[in-house]
Amino acid sequence: MAKDLAEALPPYRTKVVEPIPFLSAQERRRAMDDAGFNPFGLRADQVTIDLLSDSGTGATSAEQEAAAARSDESYAGARSWFRFRDEVADLTGYPHILPVHQGRAGERIVFGTLLKPGQICVSNTHFDTTHANVELAGAQAVDLPCPEALDLDEPAPFKGNIDLERLAEVLAGPDGHRVGLVLMTITNNGLGAQPVSMANLRAAAELARRHGVPFFLDAARFAENAWLITQREPDHHGRSPRDVATEAFGLADGCIASLKKDGLASIGAFIGLRDAELHARCEANLIATEGFSTYGGLAGHDLERLAQGLREVVEPAYLRSRAASTARLAAMINDAGVDTVQPAGIHALYLNAGRLLPHLQPHQFPGHALGCQLYLDGGIRCAEVGSLYLGTLDDQFRVVRPAPFELVRLAIPRRVYTDDHFRYVAAVISDIAKRAAEVPGYRIVSAPAILRPFKVRMAPVE
Ligand code: F0G
């Protein structure tokens with residue numbers, strides 16, 4: 001017993017703390033009114049537990065802050081850049097590394113350089129900014145998730161995989177010559193935080209190579225994916241997550257990696273490339289739009305935190321305790337009778353709002369309704385992943401084509417919340433489940449033409 005607990009213990013203790021706000025029910029209701037019932041419109045100091053994103057929201061370590069204090073802020077060729085570059089090159093094996101301020105800047109530079117208008121980018125699932133940057137390059141984003149991913153209750157170990165049969169068909173089919181990139185998102189954030197197996201990565205890489213198509217990783221959660229490979233893929237049991245991550249990077253021609261997640265810092269990303277000519281073209285774009293190629297829009301102290309963060313994030317004790325913590329939260333929520341996408345991933349849990357609130361139809365946005373209720377009842381902030389975000393709406397905001405699922409994402413910041421916070425989150429969800437039929441639906445009051453969730457204003461339908 002003690003041995004099991006010791007194995008799942010976080011390998012750190014708290015040194016610096018930040019107070020969290022507690023508002024009364026009336027204050028929360030007023031805050032939501034002011035925010036147009038959109039959690040993105042809340043002030044962070046109105047939120048008790050913030051599960052909106054795991055991006056840039058983690059806690060840094062004493063070693064990271066010490067490294068930041070030693071940073072070199074020279075414009076070109078700073079010591080901090082070389083430390084960062086060497087760390088990334090050692091982890092990934094890519095000969096060419098470019099720093100960028102966040103993942104989507106890397107997407108814009110790589111897709112703008114690599115993809116031609118009319119080409120296709122095929123993925124297990126594009127993240128939303130990734131999808132947008134493919135389209136901004138004039139190309140088309142095609143998602144080919146594996147069939148198991150569409151069964152939310154199926155506990156298959158690698159529901160982030162790409163559908164290899166369909167990938168082979170697309171590459172060999174009439175549009176095959178238009179495929180300009182195969183991009184694997186690890187872990188698959190757009191589809192339930194599910195991991196991709198090494199076997200699937202290898203097979204997809206081989207297919208792409210056979211057709212002469214570049215194969216890239218969107219490696220925002222490379223360490224969490226590597227950990228799940230060591231736990232769920234028998235050939236890789238007992239391996240170090242760092243080795244597994246290095247092997248995964250080794251299968252690809254390059255990567256874009258937001259480091260706001262597994263870089264354990266609040267800002268930063270990198271592009272990794274094998275091809276010198278592609279590197280030269282991306283570098284020119286980088287210098288024009290992000291900054292010189294030894295800082296790429298980042299401060300030296302950011303590069304230092306990231307270089308140290310990349311060491312800490314692959315420690316087995318850290319990954320084991322983080323995965324166990326998310327799994328315990330999932331178990332508490334499931335015990336309260338609320339279903340989550342199975343199996344639990346690491347960086348987020350997805351509540352099945354459609355099933356919990358069967359009295360609400362997609363046009364009443366059950367995912368959004370559950371998300372709002374979590375805030376109104378408990379000060380918990382999270383994001384809808386359902387028809388508000390992914391559905392097709394007409395210009396009267398009527399749902400023309402609903403999303404396949406009505407979910408709410410609880411994203412888990414790294415090294416921030418404890419089991420006490422999570423017991424509270426589970427209790428709020430449990431109380432909502434007991435009177436689920438009373439949760440009201442929502443209607444859209446106003447919405448922007450693009451990127452709807454961020455600026456939409458909503459109202460409850462009483
Ligand atoms: N790729 C994936 C898989 C992501 O999850 C994100 C960001 C990005 C790319 C873009 O990176 O934010 O550094 O520009 N995901 C955050 C989230 C925003 O909350 O899931 P970025």
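Model, not experiment: these values are computed from the prediction. Whatever order the structure lists ligands and atoms in, that order sets their numbers, starting from 1. Side chains are part of it too, since the values below use all heavy atoms of this structure and drop only hydrogens, waters and symmetry mates.
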Inset, instruction - Note the single closest protein heavy atom to atom 12 (O) of ligand 1, along with its residue, its atom name and the distance in Å. - result: Arg104 NH2, 2.9 Å

Legend entry - Heavy atom of the protein closest to atom 9 (C) of ligand 1 (residue, atom name, distance): Glu107 OE2, 3.3 Å

Legend entry - Atom indices of ligand 1 within 4.0 angstrom of Ser258 heavy atoms, with elements: 11 (O), 13 (O), 21 (P)

Legend entry - Short side-chain to backbone donor-acceptor contact, Asn200 and Ile162, under 3.5 Å: yes

Inset, instruction - Answer yes or no: is there a donor N or O on one side and an acceptor on the other, between the side chain of Ser80 and the main chain of Asp72, under 3.5 Å? - result: yes

Inset, instruction - Look only at interatomic distance and state if Thr129 has a nitrogen or oxygen under 3.5 Å from any nitrogen or oxygen of ligand 1. - result: no

Legend entry - Under 3.5 Å donor-acceptor, Thr48 side chain and Pro21 backbone: yes

Legend entry - Which of the ligand 1 atoms, numbered from 1, are nearer than 4.0 Å to a heavy atom of Arg409: 17 (C), 19 (O), 20 (O)

Inset, instruction - With heavy atoms only and a cut-off of under 4.0 Å, state how Gln102 meets ligand 1: side chain, backbone, both or neither. - result: both

Inset, instruction - For atom CZ of Arg401, decide whether the heavy atoms of other residues, nucleotides or ligands shown that lie under 6.0 angstrom number more than 12. - result: no

Inset, instruction - Return each pair, listed once, that meets side-chain hydrogen bond (donor to acceptor under 3.5 Å, both in side chains) where at least one residue sits in residues 143-163; pairs must be two or more places apart or across chains. - result: His126-Asp143, Asp153-Arg355

Please report, to 0.1 Å, the donor-acceptor pairs under 3.5 Å made by any side chain of residues 292-299, with sequence neighbours excluded.
{"from": "Ser293", "atom 1": "OG", "to": "Glu283", "atom 2": "OE2", "distance (Å)": "2.7"}
{"from": "Thr294", "atom 1": "OG1", "to": "Gly77", "atom 2": "N", "distance (Å)": "3.0"}
{"from": "Tyr295", "atom 1": "OH", "to": "Tyr75", "atom 2": "OH", "distance (Å)": "3.1"}

Inset, instruction - May I ask you to check whether Leu52 has an N/O atom sitting below 3.5 Å from an N/O atom of ligand 1? - result: no

Legend entry - Protein residue, atom and distance nearest to atom 8 (C) of ligand 1, heavy-atom basis: Phe127 CD2, 3.5 Å

Inset, instruction - Check Asn38 against Pro453 and note the closest heavy-atom contact, atom names and distance. - result: ND2-O, 2.8 Å

Legend entry - ligand 1 contact by Arg221, heavy-atom criterion under 4.0 angstrom: yes

Legend entry - Donor-acceptor pair, side chain of Thr326 and main chain of Ile346, under 3.5 angstrom: yes

Legend entry - Nearest-neighbour protein heavy atom for atom 1 (N) of ligand 1, which is reported as residue plus atom name and distance: Asp218 OD2, 2.7 Å

Legend entry - Enumerated ligand 1 atoms positioned under 4.0 Å from heavy atoms of Thr185: 3 (C)

Legend entry - Close-contact set for ligand 1 against Gly103 heavy atoms, below 4.0 Å: 11 (O), 13 (O), 14 (O), 21 (P)

Inset, instruction - Determine whether the side chain, the backbone, both or neither of Arg108 has a heavy atom under 4.0 Å from any heavy atom of ligand 1. - result: neither

Inset, instruction - Check whether any side-chain N or O of Asp253 sits under 3.5 Å from a backbone N or O of Pro214 as a donor-acceptor pair, and report yes or no. - result: no

Legend entry - Interfacing atoms of ligand 1 (cut-off 4.0 Å, heavy-atom, Ser53): 17 (C), 19 (O)

Inset, instruction - Distance to 0.1 Å, residue and atom name: give those for the protein heavy atom nearest to atom 7 (C) of ligand 1. - result: Lys261 NZ, 2.7 Å

Inset, instruction - Just say parallel, tilted or perpendicular for the rings of Phe222 and Phe249, cut-offs at 30° and 60°. - result: tilted

